[in-house]
Trainee: 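Sharing a structure with you now.
The model shown is predicted, which means the values in this text are computed figures rather than measured ones. Read the numbers this way: they start at 1 and go in the same order the structure lists the ligands and their atoms.
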Amino acid sequence: MQIIHLANTSREWWREAVIYQIYPRSFASFGGGVGDLQGITSRLSHVADLGAHAIWLSPFYKSPQKDGGYDVADYRAVDPIFGNLNDAKNLIARAHELGLRVIVDLVPNHTSDQHEWFQAALADPSAPERDLYWFRKADEAPTDWLSVFGGSAWTRVCDRADAKGSPWDHDDSWYLHLFDPAQPDLNWAHPRVREEFTSILRFWLDLGADGFRVDVAHGLVKDPSLPNYQYHWDMVSGGDLLPADVPPPPQWNQPGVHDIYREWRAVLDEYEGDRALVAEAWLNDPLDAKLYVRSDEMSQAFNFDFLTSPFELAEYREVIANSLREMDSVGAPTTWVLSNHDVVRAASRFGLSKTGKGPNGIRPFEEQPDPELGRRRALAAHALGSALPGSIYIYQGEELSLPEHMALPDELREDPAFFRTKGAEAGRDGCRVPIPWEADYPAFGFSPAGSSWLPQPEEWKALAVDVQLADEASSLNFFRKMYRLREELGLGRAQLADAEDSYLHYVSSLPGRDDLHIVTAFDDPVPLPKGAKIVLSSDEVAPSTVNDEQVAPNSTVWYTL
Ligand code: BGC
């Protein structure tokens with residue numbers, strides 16, 4: 001038995017919270033087929049009843065929606081498709097009433113090309129706003145950098161679709177966009193950019209936001225000498241797939257980003273109530289993640305090593321031990337994340353022949369996951385992660401075991417990755433399909449209009465919230481029970497030991513209660529010890545034929561002795 005994590009004595013709320021991610025376009029609507037803030041407010045009790053402590057809202061700012069709202073035109077305004085600032089205030093107030101904290105998504109790496117700064121920069125090559133972005137005069141693209149969504153990371157002003165007949169029709173300068181051309185990268189060396197974002201932080205903190213999820217936190221600072229770097233940096237997995245001898249990228253994970261987060265930490269600390277900063281950083285060296293969560297920087301970082309880990313014993317054991325060790329070394333909690341709006345849903349990803357990060361979307365002519373296996377493994381992975389110390393991120397619909405929508409027609413796709421890879425990648429629309437609330441209503445109750453911006457698969461009828469609430473053995477009721485037990489047993493703050501068995505076996509300890517054993521079985525069943533009292537089993541929802549004396553393959557059991 002080896003202790004791999006000591007019980008946590010600090011009590012900031014985010015250290016052991018269950019945080020539920022809401023993707024506003026697809027959670028719930030109060031009107032038409034697109035989700036909105038009033039819709040979210042009206043359905044928040046679902047999240048509170050699940051046992052979550054906080055919500056993280058993906059962007060709802062004014063935006064042309066060229067990248068699902070991660071292209072912000074005005075950081076202090078709500079997009080009319082989602083409502084208005086008053087709706088945001090009501091949402092925050094209702095969440096607080098229900099005991100839910102609210103984490104707002106901050107998108108500081110780039111603005112929308114419709115942001116007033118970029119519009120001013122486009123209109124006049126001598127405008128001071130040009131310096132707020134990365135404009136360069138050159139015959140060719142200034143570097144060979146690739147956009148995360150495919151193609152070059154540079155666009156010539158005169159090549160923009162809106163150039164014809166505009167004042168910038170003959171402007172041959174280039175601008176940098178690590179994502180879509182509609183998302184020009186900001187120049188964080190400029191004091192105006194820094195001032196603007198601290199002011200934006202204060203704006204939302206004053207409105208009651210309890211924290212921020214920081215989009216592309218590893219991207220803000222670039223090596224100003226702009227050296228070439230021909231490698232593709234992947235969404236979520238970063239440089240994981242690159243050969244080991246590839247040099248560090250000049251556009252990602254530059255040391256200068258940490259000064260920015262120190263500045264922001266100081267701003268948040270002026271406010272009461274343990275406001276939190278959460279880093280979304282895709283890094284190639286897992287040891288880099290801890291740098292973002294040193295005590296004077298962010299509060300926590302998404303654990304993408306856990307998300308991208310193959311569903312295998314050795315890999316899980318390693319990623320769990322490493323994550324706890326590295327985060328403990330800087331006093332930060334580990335997070336356990338399995339899905340978000342950028343990856344194929346866990347219930348499908350785990351059903352593929354090769355588990356891990358998975359492809360960027362799945363279409364009917366690509367390998368189809370085994371739905372039962374995927375669901376079982378996703379539940380097992382959730383039951384494992386939920387027993388571990390630290391905090392949990394759950395993406396809307398995971399509690400329902402929603403699979404990826406794999407039959408979406410291409411003409412409905414919106415993800416820029418689909419267009420920029422010329423269809424080589426399906427993109428992320430299949431994990432962003434509106435939630436099924438009531439089985440017998442049009443669009444499964446997503447909107448009063450009976451419509452949803454992406455069609456929901458017919459099979460989701462059986463997965464609707466009302467159906468699952470009425471079924472004791474449903475995935476939803478399993479998650480509710482699991483989070484209730486996690487809270488009662490203080491699993492998020494407990495000590496953790498690796499029992500050093502030939503299978504995955506941890507022991508969670510906290511004074512005043514029995515030790516809780518956590519066993520995950522992968523391909524082979526694991527025998528349970530005599531007298532084991534089962535506290536929770538992911539097999540309750542996805543029953544197998546294996547008897548009670550064993551942990552069935554692809555499941556997790558919590559037990560006491
Ligand atoms: C968000 C993505 C978005 C990208 C660019 C990300 O990491 O999660 O959805 O496309 O940042 O803003």
Trainee: With a 4.5 Å cut-off on side-chain heavy atoms, are Asp410 and Arg363 touching?
Mentor: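 Of all side-chain heavy-atom pairs linking Asp410 with Arg363, at least one is under 4.5 Å.
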Trainee: Atom CG in Asp144, atom CH2 in Trp154: separation rounded to 0.5 Å?
Mentor: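 Reported value, rounded in 0.5 Å steps: 11.0 Å.
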Trainee: By number and element, which atoms of ligand 1 are closer than 4.0 Å to a non-hydrogen atom of His341?
Mentor: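 Within the 4.0 Å cut-off of His341, ligand 1 contributes 1 (C), 2 (C), 8 (O), 9 (O).
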Trainee: Tell me: protein heavy atom nearest atom 9 (O) of ligand 1, and distance?
Mentor: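 Result: Asp342 OD1, 2.7 Å.
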Trainee: Just by distance, no angles: are the side chains of Glu399 and Tyr20 close enough, under 3.5 Å, to form a donor-acceptor pair?
Mentor: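 Checked: Glu399/Tyr20 side chains pair up, N/O donor to acceptor below 3.5 Å.
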Trainee: Are side-chain N/O atoms of Thr143 and Arg136 paired as donor and acceptor at under 3.5 Å?
Mentor: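 Judged by distance alone, the side chains do not pair up.
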Trainee: Which of the numbered atoms in ligand 1 are under 4.0 angstrom from any heavy atom belonging to His110?
Mentor: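 Within the 4.0 Å cut-off of His110, ligand 1 contributes 5 (C), 12 (O).
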Trainee: Within 45 degrees of the ring normal and closer than 6.0 Å to the centroid, is that where the cationic atom of Arg25 sits relative to Trp453?
Mentor: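 So Arg25 does make the cation-pi contact.
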Trainee: Does ligand 1 have any atom that is closer than 4.0 Å to a heavy atom of Arg432?
Mentor: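 Heavy atoms of Arg432 do come under 4.0 Å of ligand 1.
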Trainee: Quick one: sort the Phe304 and Phe302 rings into parallel, tilted or perpendicular, breaks at 30° and 60°.
Mentor: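 Rings of Phe304 and Phe302: tilted, 30 to 60°.
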Trainee: Please state which part of His218 comes within less than 4.0 Å of ligand 1, counting heavy atoms only: side chain, backbone, both or neither.
Mentor: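 Looking at His218 and ligand 1, no heavy atom falls under 4.0 Å.
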Trainee: Please determine whether a side-chain nitrogen of the Lys or Arg among Asp67 and Arg428 lies less than 4.0 Å from a carboxylate oxygen of the Asp or Glu.
Mentor: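 Between Arg428 and Asp67 there is a salt bridge, with a charged N closer than 4.0 Å to a carboxylate O.
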Trainee: Quick test: of every protein heavy atom, which one is nearest to atom 7 (O) of ligand 1, and how far off is it to 0.1 Å?
Mentor: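 Heavy-atom neighbour on the protein nearest atom 7 (O) of ligand 1: Glu280 OE2, 2.4 Å.
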Trainee: Would you mind running through ligand 1 and noting each atom that sits below 4.0 Å from a heavy atom of Arg428?
Mentor: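 Every atom of ligand 1 under 4.0 Å from some heavy atom of Arg428: 2 (C), 3 (C), 9 (O), 10 (O).
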Trainee: Enumerate the atoms of ligand 1 whose separation from the nearest heavy atom of Asp67 is less than 4.0 angstrom.
Mentor: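 That gives atoms 3 (C), 4 (C), 5 (C), 10 (O), 12 (O) of ligand 1.
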Trainee: Can a donor-acceptor pair be found between the side chains of Asp206 and Tyr271 at a distance below 3.5 Å?
Mentor: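 A donor-acceptor contact under 3.5 Å links the two side chains.
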Trainee: Look at ligand 1 and say whether His177 reaches it with a heavy atom at a distance under 4.0 Å.
Mentor: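 Outside the 4.0 Å threshold, so no.
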Trainee: With heavy atoms under 4.0 Å as the rule, classify the contact between Phe302 and ligand 1 as side chain, backbone, both or neither.
Mentor: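 Neither part.
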Trainee: Find all atoms of ligand 1 within a distance of less than 4.0 Å from any non-hydrogen atom belonging to Trp282, and give their numbers and elements.
Mentor: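 Going through ligand 1 atom by atom, the ones under 4.0 Å from Trp282 are 7 (O).
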Trainee: Nearest protein heavy atom to atom 11 (O) of ligand 1, by residue and atom, and its distance?
Mentor: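 For atom 11 (O) of ligand 1, the nearest protein heavy atom is Asp215 OD1, 2.9 Å.
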